[in-house]
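Below: one structure, written as structure tokens.
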There are 2 protein chains.
Amino acid sequence: MNKEEYFIKQFSNNKVIGDDGAFIDGFVYSMDAFFENVHFKKEWMSLKQIAYKSMIVNISDAIVMNAIPLYALLSVAIPKSYTEDDLKELSKGFKKAAKEFGIEIIGGDTISNEKLDISVTIISKTSKPIFRKGVKRDDLLCYTGTLGTSKRDLERLFQNKDISKKSKFIKPVLNQKFFYEIAPYITASMDISDGLFFELERLSKASQVGFEFFDEIGNDIGTSGEEYEILFSFNQKNLEKIKKIAKKHKIKLNIFAKAVKGKYRTDCKNHHF
Amino acid sequence: MNKEEYFIKQFSNNKVIGDDGAFIDGFVYSMDAFFENVHFKKEWMSLKQIAYKSMIVNISDAIVMNAIPLYALLSVAIPKSYTEDDLKELSKGFKKAAKEFGIEIIGGDTISNEKLDISVTIISKTSKPIFRKGVKRDDLLCYTGTLGTSKRDLERLFQNKDISKKSKFIKPVLNQKFFYEIAPYITASMDISDGLFFELERLSKASQVGFEFFDEIGNDIGTSGEEYEILFSFNQKNLEKIKKIAKKHKIKLNIFAKAVKGKYRTDCKNHHF
């Protein structure tokens, strides 16, 4: 059992834990850490990119629960060596993400530290939350976009090789418009932050189903973390509707499995810096 | 200008920043960092005490805005060396504080890190928030309890001397029952986390008033941080009511100044590890 799971278990009498965010009375609350040498190395990204990504990975949690992010709180631990220009770059990244998603930064805490460690809390609103527990037997399973590039790019970064400025590892792309439009037609959803296989295990546990794969999925695809693509399930009757919405938003759909009786477990380690 | 102020200024078009928490639509949102070697050294406190204090300093923010804390989100970065027993101790501290204040821990994030770094978000509810900006000219200024012991105890810790297990530095005491009862009769409030002088500067800035002190306040008292006593102001007509409530809850009141035209600035550094 990893430490995260252990900790979650400590509070597991709590029904709201287990999704990307906690849903209570129309609000979704989510909080994620984004720490130097845990989630990024400072050589890999500009300060603006770091601040931006720290927001996006949190906003992603809200979106996949069908919630509209409203407010953010930031806890930012900053190395003493940082100049005022560095701080300006950081705040540009936070503000860029906030502006893009119509979020107001309402507070938080700033402290001096040895390294740059960010935690972000996002407060969102939803009238129809979507959970991980909603997969029904015979539902189709689908993920958006292309998986594998984040893992490849992370490996290149570890080898001190350049990666594209457009890499999802640097700048995740959230497809919120597509998601909000398919939301009425899906049964469960989550983002792919720890790799498809790992997320499927979570989905299996939450929904008490197994998966029958249509084709084998390679490890390069199934263990690529930090993709922030959307994993979702839906009743087959909604297939054409979802395809149409995907076409409109130019989103690639990968329908890769069917929910069946049983459970799904992976032996693969999740690939996440 | 310190880094915290710089950062806050970046988002200062936002009216909700500037109090202990952000008040929006009946809710108060607050978030504070509690980092190893920034706010505590691990030799000073048990893991349970650390987790407990990380919650209490955040809960304090909610209380002094006259809000009832409801939910907490935790971002906990844990050294790889910690055992399962260590994690159990940590979670005991979080749960103790949560239980004491009727708070539900609804989620968050746990990661591996070099040191123990905690950020806590508290979501609270209030029908009548109290802000820092409410001090009116001629109001009386008051703080609760005794100031100075946290500074003294922190100095002892730095000298590797023992301190009392009951030290407020280890276990801050919040007087929420007293506070909620005086709330209808006060004009402004905040907690004393960075020292009385420093908080008075914030109060002066928020309320656009100066202070006429009744007696000189020594640096040992005025610069002692992490006290979590309550600093508040009230119209003189409510003096007897407040005294009566304080007597009932056995709270010591220190009425030390009157709000006047002008502004208050301190040259003292705030004393905060």
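Among B/Asp117, B/Thr121, B/Asp61, the residue making the largest number of heavy-atom pairs under 4.5 Å with chain A is B/Thr121. Options B/Ala98, B/Ala33, B/Ser30 differ in how many heavy-atom pairs under 4.5 Å they form with chain A, and the most are formed by B/Ala33.
Interface remark: A/Leu70 contributes no atoms to any contact with chain B (heavy atom separation under 4.5 Å).
Defined by atom type and a distance below 3.5 Å, a donor-acceptor pair is missing between the side-chain atoms of B/Ser75 and B/Ser119. Inspection of the B/Thr187 and B/Ser233 side chains reveals an N or O donor paired with an N or O acceptor under 3.5 Å.
Remark: A/Lys53 qualifies as a cation-pi partner of A/Phe169 under the 6.0 Å distance and 45° angle criteria applied to the six-membered ring.
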- Message: Pair A/Phe40, A/Phe34 - check ring-ring contact (aromatic ring centres under 6.0 Å, His included), show working.
- Response: CA-CA 8 Å; A/Phe40 65 90; A/Phe34 197 68; 5.1 Å; yes
